[in-house]
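What follows is a set of notes on a single structure, which appears directly below.
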Amino acid sequence: MKTIDELLAEGVAGKRVFVRADLNVPLDGTAITDDGRIRAVVPTVAKLAEAGARVVVASHLGRPKGAPDPAFSLAPAAARLGELLGAEVAFATDTVGESARATVAALGDGRVAVIENLRFNAGETSKDDAERGAFADQLAQLADAYVGDGFGAVHRKHASVFDLPARLPHYAGFLIATEVGVLKKLTTDVKRPYAVVLGGAKVSDKLGVIDHLLEKADRILIGGGMAYTFLKAQGHDVGSSLLQEDQVPAVQEYLKRAAERGVEFVLPVDVLVAEKFPDLTTKAPAHPDTVAADAIPAGRMGLDIGPESSTLYASKLADAATVFWNGPMGVFEHPDYADGTRAVAQALVDSPAFSVVGGGDSAAAVRILGFDENAFGHISTGGGASLEYLEGKTLPGLAALED
């Protein structure tokens with residue numbers, strides 16, 4: 001895999017360089033609530049611009065249905081990128097149409113442009129190779145070289161991620177090179193004890209990675225909504241908590257395999273419960289109760305791990321040499337249910353372990369809860385991509401960058 005360093009060594013002055021970034025940031029209207037993914041691509045864009053490239057940045061945002069939708073415009077992300085670069089960033093109001101062609105043609109050396117949301121074109125996400133390829137052909141006309149730096153999208157077989165690199169000289173950006181290097185530390189020559197913390201809503205989203213990690217990890221800590229399927233698999237009632245009943249047999253099999261292999265599964269011993277899901281808009285006091293994890297009352301739902309669980313989880317992370325964390329422990333967006341997630345984050349800060357926060361809600365939680373990002377070994381920009389890499393899957397966007 002060639003890297004951006006090799007591209008820079010070849011010389012980029014006057015060349016149009018297409019940077020596939022991940023600017024898929026959360027928005028409140030047009031206000032960006034977490035700019036972490038934009039900040040992550042700044043080193044690549046800035047270095048190319050400094051070297052005199054004409055930089056064309058492209059990304060998706062949200063899930064528009066293959067047609068323009070103002071709610072998913074990249075205009076706010078383009079403006080924020082300009083602020084972070086300290087330079088004006090041009091913005092094209094389409095992907096491969098008249099605005100994109102004119103905007104790119106008008107770029108001077110060392111200047112940057114962002115084209116509109118790639119998913120406004122149905123060809124970006126099409127499952128039809130010919131349709132994706134046709135869109136990639138149009139994108140290729142905007143550039144002389146391709147730099148893949150949108151790690152959060154490399155697990156997608158999309159036109160700008162998979163098909164476009166085949167049409168241009170292609171290189172990995174600084175972010176992707178860093179992300180891959182970090183993930184290799186979680187899969188080869190891992191320093192032990194190796195602890196994995198998995199949370200989030202659905203256990204079905206994590207079955208593949210759990211299956212793979214049973215061969216790798218020394219202990220696996222489970223929190224979030226998925227914990228209640230594990231508790232149910234142990235024979236406990238979980239009240240009205242989030243439950244994937246159809247996944248109980250699979251979870252029971254994983255618990256059995258873990259016991260046979262000596263992999264420690266750590267589940268909550270107490271949880272915070274309430275009668276209903278909290279209001280995340282007003283964040284009004286929820287007044288939860290703390291109950292034993294094996295004694296959740298009927299009609300009550302678990303919404304965070306409890307204080308004893310937080311202490312237990314911190315102790316299981318204290319002596320780890322390597323930690324991977326993906327998924328919050330509870331509804332961290334509400335202050336009454338943030339303590340479990342906060343406790344895990346603090347445990348990683350306090351631990352000497354090489355800690356990787358696996359993108360998505362975990363990365364958002366670290367920032368929202370006020371932690372210094374530099375206190376962690378690495379905060380990934382791609383939760384889904386990280387999980388699929390750890391599952392041992394071939395990621396289309398990484399395969400496309402290989403020669």
Side-chain angles (χ1 to χ4, degrees), residues 195-214 217-278 286-317 323-334 336-344 347 361-362 365 387:
V196 176
V197 186
L198 296 175
K202 295 182 178 180
V203 69
S204 57
D205 293 341
K206 307 284 168 61
L207 287 179
V209 76
I210 292 172
D211 182 66
H212 202 68
L213 287 170
L214 283 174
D218 297 301
R219 62 185 71 127
I220 301 175
L221 288 61
I222 301 294
M226 61 186 287
Y228 303 101
T229 301
F230 275 85
L231 291 170
K232 183 70 172 181
Q234 290 186 326
H236 305 308
D237 290 329
V238 295
S240 58
S241 304
L242 183 64
L243 173 64
Q244 289 186 284
E245 190 85 47
D246 61 324
Q247 300 297 335
V248 168
V251 169
Q252 289 174 329
E253 177 61 26
Y254 285 146
L255 290 171
K256 178 183 175 182
R257 281 177 54 198
E260 291 170 350
R261 295 189 58 83
V263 177
E264 183 182 11
F265 257 103
V266 184
L267 300 179
V269 293
D270 62 342
V271 296
L272 269 59
V273 299
E275 293 181 355
K276 61 182 181 180
F277 197 83
H287 305 298
D289 296 316
T290 302
V291 301
D294 59 359
I296 299 174
R300 309 295 292 278
M301 63 174 63
L303 295 164
D304 192 16
I305 62 173
E308 290 187 24
S309 300
S310 294
T311 300
L312 172 64
Y313 284 23
S315 72
K316 296 295 182 180
L317 298 173
V323 180
F324 174 71
W325 172 31
N326 181 279
M329 298 294 98
V331 188
F332 73 92
E333 301 91 340
H334 192 287
D336 288 352
Y337 301 107
D339 286 348
T341 302
R342 183 181 289 108
V344 167
D361 286 342
S362 310
L387 289 176

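Within 6.0 Å of the CD atom in E333, the count of heavy atoms belonging to other residues, nucleotides or ligands exceeds 12.
Atoms NZ and NE2, on K232 and H236 in that order, are 11.0 Å from each other to the nearest 0.5 Å. In this structure, E260 CD and L214 CG are separated by 10.5 Å, a value rounded to the nearest 0.5 Å. For the atom pair OG (S310) and CG (D339), the distance works out to 7.0 Å, reported to the nearest 0.5 Å. Separating the CG atom in L317 from the CH2 atom in W325 is a distance of 10.0 Å, to the nearest 0.5 Å. Taking OH of Y337 as the start and CZ of R342 as the end, the distance is 14.5 Å to the nearest 0.5 Å.
When all heavy atoms are compared, the tightest approach of P278 to V331 is CG-CG1, 4.2 Å. Closest approach of L198 to V209, counting heavy atoms only: CD1-CG1, 4.2 Å. Between A201 and L242 the shortest heavy-atom distance is O-CD2, 3.0 Å. Taking all atoms of both residues into account, the shortest heavy-atom contact from P268 to I222 is CD-O, 3.5 Å. Taking both residues in full, the closest heavy atoms of L303 and K276 are given as CD1-O, 3.8 Å, listed atom of the first, atom of the second, then distance. For the pair Y313 and L267, the tightest heavy-atom approach, listed with the atom from each and the gap, is OH-C, 3.2 Å.
Between V269 and L312, the closest side-chain pair of non-hydrogen atoms falls below 4.5 Å. V197 has its side chain within reach of M329: a pair of non-hydrogen atoms, C-beta onward, lies under 4.5 Å apart.
If you check the side chains of D270 and S309, you find a donor sitting under 3.5 Å from an acceptor.
Between the K316 side chain and the R219 main chain, no donor and acceptor come within less than 3.5 Å of each other. For T341 (side chain) and F332 (main-chain N/O), no donor-acceptor pair under 3.5 Å exists by modelled atom type.
Between D205 and K202 there is no salt bridge, since none of the side-chain N atoms of the basic residue sits less than 4.0 Å from a carboxylate O of the acidic one.
Note: F230 and Y254 fail the aromatic proximity criterion, with ring centroids not under 6.0 Å apart.
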Report the C-alpha distance between S204 and Q244 in whole Å, list the side-chain angles of each, state the deciding distance to 0.1 Å, and finish with yes or no for side chain to side chain donor-acceptor pair (under 3.5 Å).
-> CA-CA 8 Å; S204 57; Q244 289 186 284; 2.9 Å; yes
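Of the residues listed (T229, V271, L231), the one engaging V238 in a side chain to side chain contact (heavy atoms under 4.5 Å, CB included) is L231, and it is the only one.
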